[in-house]
Amino acid sequence: MTQSNDTLRQQFPILNTTVYGHPLVYLDNAATTQKPQSVIDALCQYYTQLNSNIHRGTHYLASKATEQYEAVRERVRRFIGARSTHEIIFTRGTTESINLVASSFGRYRLREGDEIVVSAMEHHSNIVPWQLACEQAGATLRVIPFSEEGVLDLGALPALLNEHTRLVAVGHVSNTLGTINPVAEITAMAHCHGIPVLVDGAQAVAHMAVDVQEIGCDFYCFSGHKMYGPMGVGVLYGREELLEQMPPYQGGGEMIKDVTFERTTYNDLPFRFEAGTPSVGDVLALGAALDFMEQTGLDTLAQHEEHLLHYAIERLQHIDGLRIIGQAPHKTSVISFLLGNAHPYDVGTLLDKLGIAVRTGHHCTQPIMDHYGIPGTVRASFAIYNTIAEVDALVDALQRIAPMLA
Ligand code: C6P
């Protein structure tokens with residue numbers, strides 16, 4: 001890291017919290033990352049100095065807010081390597097981005113007898129919207145399986161792609177297993193059959209450099225709150241040619257050109273997909289989060305987390321009865337595990353009493369739990385501000401509570 005870990009941690013006021021008399025050890029970053037002061041300041045600044053509705057007013061505040069909102073769109077375009085700002089749509093988050101495509105692309109392309117391919121390690125947000133779209137059209141969901149290690153079985157993919165397949169929807173990184181999926185390879189395989197690909201990037205963008213043109217995908221979705229930004233804002237990247245052909249997702253303000261009772265004509269991209277007043281302050285704060293990530297350095301982020309991941313795995317392996325779920329060779333800093341026969345919820349509750357925040361349960365990936373025949377896992381996930389000392393605190397706490405749960 002170019003700056004010391006202490007200096008970096010000082011940018012995150014919440015990390016000074018104490019929990020039941022213990023310093024907070026925040027290891028639930030896959031659920032949401034904490035926010036640096038610069039992001040909190042950006043939100044505060046918007047509401048204290050700039051609050052106004054965008055794209056509508058001629059007054060000073062409205063034009064300043066519009067300018068800054070559109071500047072963040074350009075910032076996001078650069079961040080993920082999109083060709084044009086027409087391809088960057090602000091949403092409420094990954095879930096809404098996927099629902100937008102499932103609903104709009106679904107109405108445009110999906111017919112009875114068609115198929116959508118997802119993987120068995122998807123988050124529910126990349127399963128249920130497709131089930132809804134399939135139900136409406138009379139289409140079927142098909143599933144790419146994964147191995148015991150937690151690696152997608154790409155050998156099974158060719159047999160799932162046929163003349164009925166309308167889209168492949170796959171996660172870049174599994175929020176439960178940490179597996180980094182070969183999304184460029186999957187995209188190339190699907191494109192051989194002329195099938196578009198949606199990538200759920202919710203767990204990827206905060207951990208590695210993402211270039212949508214390098215991946216080649218047609219849609220890429222992510223959430224601001226998992227990348228040091230605020231809740232309530234996310235992004236849908238869509239290839240312009242495809243977005244141009246898709247019908248609007250929601251009707252309302254901003255997405256129209258002309259409305260009469262006989263007929264409505266729709267606005268140009270990207271506004272056609274941004275009906276109603278967007279979360280302007282959150283978009284501006286997302287811009288501050290991108291600044292934070294780029295100033296820290298995406299390589300630095302990735303290297304630091306990889307260091308924590310390897311150290312944690314090495315130490316956790318020595319705890320009696322601890323089983324790591326998801327051992328893919330290429331993974332991000334997400335570790336799911338079980339401690340003996342203890343229920344994950346009990347482990348999480350006892351860790352919490354020691355100040356350690358982890359997530360427990362099925363992590364909105366019930367098909368993964370079914371695959372392993374388990375009710376859930378304990379999940380520790382790291383971010384740039386986590387330290388080796390915090391990994392040690394987790395390991396020490398697990399060693400302390402293991403006999404209580406045996
Ligand atoms: N995963 C987790 O603790 P939203 O809620 O829209 O910001 O993100 C949904 C989502 C979609 N895809 C993946 C891969 C995700 O991990 C998530 C959110 C959180 O793992 C909450 S369940």
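We count ligands from 1, going down the list as the structure has it; atoms in each ligand are counted the same way. Keep in mind the model is a prediction, meaning the values are calculated, not measured.
For the ligand labelled ligand 1, residue Gly171 lies outside the 4.0 Å heavy-atom shell. Between His225 and ligand 1 there is a heavy-atom distance shorter than 4.0 Å.
Here the shortest heavy-atom distance to atom 2 (C) of ligand 1, taken over Arg359, His363, His172, His362, belongs to Arg359.
Checked by distance only, ligand 1 and Ser125 stay at 3.5 Å or farther apart across all their nitrogen or oxygen atoms. When only interatomic distances are considered, the shortest N/O to N/O separation between Glu96 and ligand 1 does not fall below 3.5 Å.
Listed here is the closest heavy atom pair of His207 and Ala302: O-CB, 3.5 Å. When every heavy atom of Gly171 is checked against every heavy atom of Asn126, the shortest pair comes out as N-ND2, 4.1 Å. Contact between Leu338 and Gly376 at its shortest, heavy atoms only, is CD2-O, 3.2 Å.
Using a 30° and 60° split on the angle between ring planes, His343 and Tyr345 fall in the perpendicular class, above 60°. In this pair, Phe146 and Tyr372 present their aromatic rings tilted. The plane angle is within the 30 to 60° band.
The nearest protein atom to atom 19 (C) of ligand 1, hydrogens excluded, is given as Lys226 NZ, 2.8 Å; this is a heavy-atom distance. Looking from atom 15 (C) of ligand 1 to the surrounding protein, the closest heavy atom is His123 CD2, 3.3 Å.
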Could you check Arg75 against Asp291 for salt bridge (charged side-chain N to carboxylate O under 4.0 Å, His left out), going step by step and ending with a plain yes or no?
-> CA-CA 9 Å; Arg75 198 85 189 58; Asp291 288 341; 2.5 Å; yes
